[in-house]
Structure formats: structure tokens, C-alpha cells
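Bear in mind that the values here come from a model prediction, so they are computed numbers and not experimental data. A, B, ... follow the sequence lines: proteins, then strands. Residue 1 opens every chain.
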Amino acid sequence: MTVTRFCPSPTGLVHVGAMRTALFNWAHARHTGGTFVFRIEDTDAARDSEESYRHLLDCMRWLGLDWDEGPEVGGPHGPYRQSERHEVYRDVAARLLAAGHAYESFSTTEEVDARRRAAGQDPKLGYDNADRHLTAEQVAALRAEGREPVLRLRMPDEDLGWTDLVRGEISFAAGSVPDPVLVRATGAPLYPFTNPVDDALMGVTDVLRGEDLLPSTPRQIALYRALTDIGVASGTPRFGHLPLVFGDGNKKLSKRDPQSDFDVYRDRGFLPEGLVNYLALLGWAIADDRDVFSPAELVEAFDVTRVSANPARFDLRKAEAINATHLRALPVEEFTARVTPFLVRAGLVGDPPTAEQQRVLDAIAPLAQERMIVLSDAVGLLGFLFTDDVDIDAAAAAKNLRPEDGEVLDAAAAALRAVPAWTAADIEGALKQSLVEDLGRKPRQAFGPVRVAVSGRTVSPPLYESLELLGRDRTLRRLEGAREAYAR
RNA sequence: GCCCCCAUCGUCUAGCGGUCCAGGACGUCGCCCUUUCAAGGCGGUAGCACGGGUUCGAACCCCGUUGGGGGCACCA
């Protein structure tokens with residue numbers, strides 16, 4: 001039975017790279033029929049926030065990553081917030097100390113640095129394991145000075161390696177990893193300690209995490225061995241280090257990079273299934289001739305051992321292309337339902353929309369669907385249908401509402417005023433006759449000005465249908481308004 | 001500096017010793033369709049970092065070089 005987990009710390013914004021990691025763990029668990037555990041690692045009171053915690057759960061649910069054990073769901077190994085598990089860590093720490101796997105260390109960072117420098121070494125080498133063999137007397141003496149020790153893990157004196165699920169054999173030489181701090185002098189447990197302890201207690205079998213954590217794996221393995229020895233763990237899990245997600249440069253997508261904020265994709269109206277699809281492509285491929293797939297297809301096909309080991313750049317254009325494909329594939333009613341909240345938020349339609357607004361929306365939806373990339377595009381694309389007056393884009397006006405376009409607006413207005421039945425077909429006939437035949441304009445020179453005058457943009461849903469929905473009065477008013485304001 | 005990871009079109013990838021003078025997607029370019037813009041269709045462009053091996057045969061295996069990245073906290 002496979003048990004995977006996603007264990008973010010609730011500090012600030014939700015990172016797309018973190019959600020990619022969550023997705024892979026979820027997909028791996030679902031594909032193998034295993035369990036997906038969601039755990040909150042809020043051991044850093046100074047940086048964690050309740051708001052961030054709530055937001056994390058919200059993002060997970062929105063993306064469709066359901067968890068079998070975790071916050072608000074419960075499970076046999078709770079609680080699932082580390083801030084509520086301090087007794088667990090206190091107990092395990094005591095047992096590790098008693099068994100000799102951990103020891104009390106009094107060296108301060110300054111003292112370690114000083115010793116490294118005195119020995120002509122780079123302080124970057126870190127802790128020098130100086131306190132490994134303090135006698136009981138020395139410990140007592142140091143305590144008598146009022147010094148409080150941290151708890152450190154005693155690293156084994158041998159090479160530490162493992163078979164990585166995505167990278168194969170990896171090994172670190174003995175002595176290359178200093179004894180890590182498990183618990184602060186204050187008694188506060190640290191991530192390198194709580195993480196493996198909880199993984200062990202929660203039965204996690206497969207750890208899929210970012211490659212940035214790869215160098216810390218030896219100490220995790222050492223801890224696992226110690227935990228196994230004292231009966232807390234029943235072995236070491238498998239590890240799979242996922243490729244990093246790069247931003248525009250050749251660097252890990254940092255938390256400071258605007259592109260890393262998961263919310264911007266949600267807010268722009270990416271579809272959960274579209275984002276799931278793209279995120280999955282960051283290091284994985286479903287087939288050699290296809291890259292659009294549903295979450296269900298992802299689960300069906302996902303194989304962690306086929307995840308690529310090279311870093312993946314977050315390519316917004318590709319993400320948009322993938323999302324647009326999913327958007328177009330939506331049944332039109334579903335599309336309309338998903339677009340509506342964006343129009344409501346923009347103040348274009350009521351909440352809920354009025355019957356008339358709904359009629360217009362239903363009519364225009366199929367025509368708008370294939371012209372959009374994200375749901376929020378609807379605000380700009382369809383706004384003109386839900387307002388009395390239209391805001392005309394300056395660039396569009398400069399391009400299509402020039403002085404010489406005045407004749408088009410006049411001719412269009414005259415022709416449309418005379419259209420007997422206000423239907424798309426009749427509107428088309430009237431405009432073609434008056435602008436293309438009578439005025440002798442090329443189609444793009446004929447319809448461009450009308451489009452901009454009426455919709456405010458050079459890109460809009462098909463013109464005749466748009467005019468039909470807009471109604472004769474508003475259409476004529478806008479043609480005249482544009483004539484006055486621009487084409488003179 | 002030390003440790004570790006990575007190396008196929010601009011980007012993400014397929015490739016797991018012969019079927020690859022390397023396939024797909026995004027981008028880009030051209031054409032078609034066309035009422036603008038898209039969408040859609042068709043076509044083009046562009047890549048195995050380098051050097052040694054191993055092998056009858058290497059993008060695929062080994063070694064080295066170069067390049068890129070990550071990590072070196074009493075953060076997670």
C-alpha cells in the first residue's frame with residue numbers, strides 16, 4: 001500500500017511549485033490506489049499564519065486534490081498540524097536521547113564558526129560534531145554555567161545512499177553531513193526532525209519532494225534508521241526528487257517571483273483541470289504524441305519512475321494554450337456557469353444575472369468560448385453587451401476609427417436604421433450591401449470601424465450576432481457616438 | 001569553497017543499443033478558411049553540449065571536460 005503526503009508550511013503565498021509537488025504526490029497515490037496524506041508543517045510560529053493555512057486548504061480543494069487524511073478530514077494518525085503534535089516530538093526526542101542516537105550539544109553557531117576559522121577551514125562546513133562525546137561531567141558543568149543544549153542526531157559513520165524514484169542511485173560519502181539539530185534549546189522541534197517523525201508515524205511509504213531537498217536526504221535516512229531502532233518507524237520510505245520549477249531565468253522559481261503565486265492563475269480564470277494538466281507537464285509526459293489530458297487520465301497514466309530529472313521551466317504561454325484547449329472542450333452550459341462569476345465580480349451582470357442578462361449570456365457563450373484563453377477574458381470580450389455605453393480602447397480607435405472611417409459609420413448607421421427585422425442575417429445583409437457593395441470597402445476596412453465603435457475593441461465575438469444582441473438602439477447610439485468622438 | 005543533481009529543437013518533452021538522416025506540444029514563419037481577432041486545417045523552421053571509450057552498431061552504456069542548477073541554519 002502506497003502512502004504519499006504533501007506537507008507544506010503555511011507561510012505566505014501558495015507557490016505553484018508546491019502545488020506541482022502536491023499534484024504529483026496525489027497522482028501517485030491515486031494511481032496506485034494508495035493513501036494521500038495532507039499535513040501542515042507549522043512549526044515556525046514566527047512565520048506561520050492561520051490565514052495562510054486556510055488558503056492552502058482552499059487551493060488544494062480548488063485544484064481537486066482531495067486528501068484521505070489531514071486537516072478537516074481527520075484520520076487515524078492525527079492531528080495533522082504539527083503545531084498540535086508537540087507531545088509526540090517531545091516523547092520521541094527523549095527516546096532518541098536515551099537510546100544514544102541523539103545527544104546534547106552546547107556549541108553555539110559562533111563557537112563553531114570560530115573553531116572552523118581557527119583550524120583554517122571554511123565556516124560553511126558547519127557544525128564540527130565537537131559535542132558528540134561530552135562526558136556526563138562535562139554536560140553537567142556546561143549546564144551549571146547556565147547553558148542550554150540543543151539535541152543533535154548522531155550521523156552514522158558510513159556512506160548514505162538510496163535508490164531515488166526519479167534519479168536512480170544516489171550516494172553521499174560518510175562524514176559529509178554534520179550532525180543536524182533536532183530540537184532547539186527552547187524545546188522547539190525543527191523541521192528535519194518533525195518531518196521524518198510524522199512521516200514514520202503516518203506510515204508514509206513514498207516521499208515525492210523537490211530536488212532542492214535532495215541534499216537533506218542523508219540526514220533523513222539517518223534519522224529513519226534511528227527511529228526504526230527505537231520502534232517509532234518501520235523502515236525508510238522511498239524517495240523521489242522531482243525536478244525544480246524554473247522561472248524566466250535559469251533559476252528556481254522563487255517565492256518573490258510574481259509568477260510563482262498560485263492565486264494569479266486562479267484569479268485570471270485558469271480552469272482547475274487546465275492547470276492540473278499543465279502542472280503535470282512540468283516533469284512528466286503522458287505520451288509521445290499528446291499533452292492534453294484530464295485529471296482522470298493523469299491518474300490513470302501517472303508513473304513516478306517516468307518523471308524527468310531535468311528542471312522544467314514554467315512556460316506561461318504553454319500553460320495558456322493548454323488551458324484554452326480545456327476551455328473550448330467544456331460543454332457550453334458549463335462554460336457559461338464558470339464564466340458568470342467573473343462577470344459578476346466585474347459588475348457587468350447581477351448576482352444572479354437578470355433573465356435578460358442570462359439570455360444574452362447564453363446566446364453569446366458559444367461564440368465567446370473559442371476566443372478565450374482564461375475565464376477572465378470574458379470581462380473584456382463581452383463587457384460591451386452588458387453596459388449602456390462602451391469604453392473604446394484607444395489603440396483600437398487609432399487603428400479603426402480614423403477620420404476616413406466616418407463614412408463607414410454613417411453608412412452603417414443608415415443601413416441599420418432601415419433594417420426591417422433586427423436579426424443577425426438581416427444585419428449582415430444590410431452591412432455588406434452598404435459598406436462593401438455601395439461604399440466599395442474591403443471587408444476588413446468595412447467591418448473594423450463598426451466593430452470598434454460597437455464593442456470598443458478590435459477583437460470581439462462575431463459582429464452580426466453581437467449587434468443583434470446589443471439591439472438597434474444601443475448599436476445606433478454607439479455608431480453615432482464614435483462618429484462624434486473619433487471619426488471626424 | 002565543499003557536497004549533490006542535471007545535460008535532445010527558443011521552451012517542455014518522447015526516446016529506455018539497431019525500426020531516429022530523432023517524434024509531439026508551445027512559440028515562431030508561411031498558406032488555407034474568413035466579417036476583425038481568434039479558433040480550426042495544412043506545411044515549414046529548429047535539437048542529441050564536447051572529447052574519449054565499450055559495441056558489429058550509441059541520443060541511448062562508461063569515463064572525463066565544459067556548461068547549468070540546487071544545497072551547505074537552532075527556516076521549511
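Looking at heavy-atom distances under 4.0 Å, A:Ser216 makes no contact with the nucleic acid at all. Contact annotation for A:Arg441: no contact, since no heavy-atom pair falls under 4.0 Å across all strands. Base contact: A:Leu213 has a heavy atom under 4.0 Å from a base atom. Among the heavy atoms of the strands lying under 4.0 Å from A:Ser107 is at least one base atom, whether or not backbone atoms are also near. No contact: A:Arg209 has no heavy atom under 4.0 Å from any strand. Counting any heavy atom pair closer than 4.0 Å across all strands shown, A:Val181 reaches sugar-phosphate atoms only and no base atom. A:Phe447 comes within contact range of the sugar-phosphate backbone alone, with a heavy-atom separation under 4.0 Å but no base atom that close. Using a 4.0 Å heavy-atom distance criterion, A:Ser460 is classed as a base contact.
Centroid-to-centroid, the aromatic rings of A:Phe6 and A:Trp26 stay 6.0 Å apart or farther. Between A:Tyr278 and A:Tyr265, the distance from one ring center to the other does not fall under 6.0 angstrom.
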Just the table, please: protein N/O against nucleotides 65-69 of chain B N/O, every pair under 3.5 Å.
| from | atom 1 | to | atom 2 | distance (Å) |
| --- | --- | --- | --- | --- |
| B:rG69 | OP1 | A:Lys251 | NZ | 2.8 |

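In this model, a side-chain donor or acceptor of A:Arg371 finds a partner on the base of B:rU36 within 3.5 Å. Side-chain atoms of A:Arg167 and base atoms of B:rC5 include no donor and acceptor less than 3.5 Å apart. For A:Arg317 against B:rC26, a side-chain-to-base donor-acceptor contact under 3.5 Å is absent.
Look at the C1' atom in both B:rC4 and B:rG44: the space between them is 42 Å, to the nearest Å. For the C1' atoms, the distance linking B:rC16 with B:rC48 amounts to 15 Å, nearest Å. Nucleotides B:rG1 and B:rA38, compared at atom P, are 50 Å apart to the nearest Å. Comparing the C1' positions of B:rU8 and B:rC29 gives an interatomic distance of 23 Å, to the nearest angstrom.
Listed nucleotides: B:rG24, B:rA76, B:rU35. Nearest to the side chain of A:Arg219: B:rA76. In this structure, of B:rC12, B:rU8, B:rA76, it is B:rC12 that holds the atom nearest to the side chain of A:Ala312. Of the candidates B:rU36, B:rC4, B:rG70, the closest approach to any side-chain atom of A:Ile170 belongs to B:rC4.
Each of A:Pro243 and A:Thr458 lies near RNA chain B, and the nucleotide nearest A:Pro243 is the one positioned closer to the 5' end.
Interface residues of residues 114-126 of chain A facing RNA chain B, ordered by number: A:Asp122, A:Lys124; criterion, heavy-atom separation under 4.0 Å. Taking every heavy atom of residues 320-335 of chain A and every atom of RNA chain B, pairs under 4.0 Å involve A:Ala321, A:Arg328, by number.
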